[in-house]
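Before any comments, here is the structure.
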2 protein chains.
Amino acid sequence: MLTIGALAKKTGTKVQTIRYYEQIGLMPDPGRTEGGQRRYGNADLDRLSFIRHARQLGFTLEAIRELLDLSDHPDRPCHEADAIARRQLKQVEQRLARLEALRAELKRMVHECAGGRTADCRVLEVLRDHSECLTDHSEIGA
Amino acid sequence: MLTIGALAKKTGTKVQTIRYYEQIGLMPDPGRTEGGQRRYGNADLDRLSFIRHARQLGFTLEAIRELLDLSDHPDRPCHEADAIARRQLKQVEQRLARLEALRAELKRMVHECAGGRTADCRVLEVLRDHSECLTDHSEIGA
DNA sequence: CTTACATCCTATAGCTACTGGAGGTTCAAG
DNA sequence: CTTGAACCTCCAGTAGCTATAGGATGTAAG
């Protein structure tokens with residue numbers, strides 16, 4: 001039986017994060033000691049490892065909820081899990097494309113900066129005038 | 001003189017977002033009509049365009065605050081603006097590297113899924129067992 | 001001049017995925 | 001039996017918006 005701190009260490013999760021996962025129903029209510037402290041077993045360790053791994057691969061908590069649900073029903077067909085993973089892959093590829101465009105633009109900005117007064121700074125100039133951009137980057141964020 | 005809605009349309013920003021930028025001090029308090037509605041001029045349009053463009057390039061609002069500050073003082077040396085852009089470029093490159101690793105892993109997962117029962121699903125299996133991964137992807141997010 | 005209606009106003013809450021702190025309790029070692 | 005690390009709950013905060021409620025304003029048509 002693991003304390004929450006031991007489970008946290010084993011999975012590379014913060015204690016608060018585990019409690020948070022419990023709160024939102026991603027982790028089940030664990031057993032408790034008489035004094036009210038949480039104690040975890042191997043099933044909990046597996047489940048949390050799954051969650052953390054999926055997070056590292058960029059899946060949202062909602063997607064992970066679905067994946068866990070599928071994982072809990074071994075007899076159902078697996079095309080749903082496949083679809084979720086494909087969706088994730090697509091998103092990653094879109095973000096990659098956007099980031100590559102950003103990198104090009106930033107490189108251009110930085111390389112053209114001669115290091116004089118801010119009045120002549122290419123970095124600021126490019127930000128001021130979108131029409132100087134070569135790429136589109138219309139969507140926000142990355 | 002532009003209404004907030006017109007300014008929003010011109011810059012591809014939501015009305016609420018403009019009010020939010022004002023609230024956090026990124027946009028100045030605009031003039032108002034007798035009835036209390038905001039009215040914007042060309043300086044506001046330029047400033048908001050600058051902000052939006054920088055956001056599209058992935059700069060945080062804090063970085064944008066610095067860039068705007070530099071932009072407001074044309075006689076200062078510009079190495080700070082350059083440093084901010086370089087920092088941003090570095091971050092973008094790091095994210096690119098991570099996303100490329102994720103893409104590889106997701107591709108492998110998806111391609112290995114044969115489409116049977118969830119019990120045999122490669123997607124779920126890989127998530128369950130991190131040791132099956134080829135890449136590291138230890139940091140979270142993307 | 002009035003009415004209709006789109007747009008505006010403020011204030012507040014919500015989103016994702018956590019993280020941190022205050023103030024108090026429990027557990028295990030010595 | 002005492003100490004002190006680790007636990008507990010509850011609440012607030014992060015970034016960067018977005019959405020809603022409930023009401024006021026501005027403008028164009030009749």
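Just the heavy atoms: all of them, side chains too, but no hydrogens, waters or symmetry mates, feed the values below. Letters A, B, ... mirror the listed sequences (proteins, then strands); counts begin at 1. Model, not experiment: these values are computed from the prediction.
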Counting only pairs under 3.5 Å, give me each side-chain donor-acceptor contact of residues 79-88 of chain A, with atom names and distances, residues two or more places apart or in other chains.
residue, atom, partner, partner atom, Å
A:Asp82, OD2, A:Arg86, NE, 2.9
A:Asp82, OD2, A:Arg86, NH2, 3.2
A:Gln88, NE2, A:Leu57, O, 3.1
A:Gln88, NE2, A:Gly58, O, 3.1

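Taking CD of A:Gln56 as the reference point, atom CZ of B:Arg98 lies at 7.5 Å (rounded to 0.5 Å).
Chain B approaches DNA chain D over the interval D:dG16 to D:dG26, counting the first and last nucleotide 5' to 3' with an atom under 4.0 Å from its heavy atoms. Protein chain B touches strand DNA chain C; the 5'-most and 3'-most nucleotides with an atom under 4.0 angstrom of its non-hydrogen atoms are C:dC8 to C:dT10.
Considering only residues two or more places apart in sequence or on other chains, B:Tyr20 meets the side-chain hydrogen bond (donor to acceptor under 3.5 Å, both in side chains) condition with none of them. Residues satisfying the side chain to side chain contact (heavy atoms under 4.5 Å, CB included) criterion with A:Asp46, sequence neighbours excluded, are absent altogether. By the side chain to side chain contact (heavy atoms under 4.5 Å, CB included) test, B:Lys90 is found to be paired with B:Gln94, residues two or more places apart in sequence or in another chain being considered. Considering only residues two or more places apart in sequence or on other chains, A:Ala6 meets the side chain to side chain contact (heavy atoms under 4.5 Å, CB included) condition with A:Leu2, A:Thr3. In this view, B:Pro74 and A:Thr118, A:Ala119 satisfy the side chain to side chain contact (heavy atoms under 4.5 Å, CB included) rule, not counting sequence neighbours.
Nearest-nucleotide mapping onto DNA chain D: of B:Thr60 and A:Ala6, the residue sitting toward the 5' end is A:Ala6.
Within the structure, the salt bridge (charged side-chain N to carboxylate O under 4.0 Å, His left out) test picks out the following pairs touching residues 114-128 of chain A (sequence neighbours left out): A:Glu112-A:Arg122, A:Arg117-A:Asp120, A:Arg117-B:Asp75, A:Arg122-A:Glu125, A:Arg122-A:Glu132. Under the ring pair (Phe, Tyr, Trp, His ring centres under 6.0 Å) criterion, the residue pairs touching residues 23-72 of chain A are A:His53-B:His130, A:His53-B:His137, with sequence neighbours excluded. For residues 25-36 of chain B, the set of pairs meeting the side-chain hydrogen bond (donor to acceptor under 3.5 Å, both in side chains) definition, not counting sequence neighbours, is empty.
Counting any heavy atom pair closer than 4.0 Å across all strands shown, B:Arg52 reaches sugar-phosphate atoms only and no base atom.
Within residues 13-35 of chain B, the residues having any heavy atom closer than 4.0 Å to DNA chain C are, in order of number, B:Arg19, B:Arg32.
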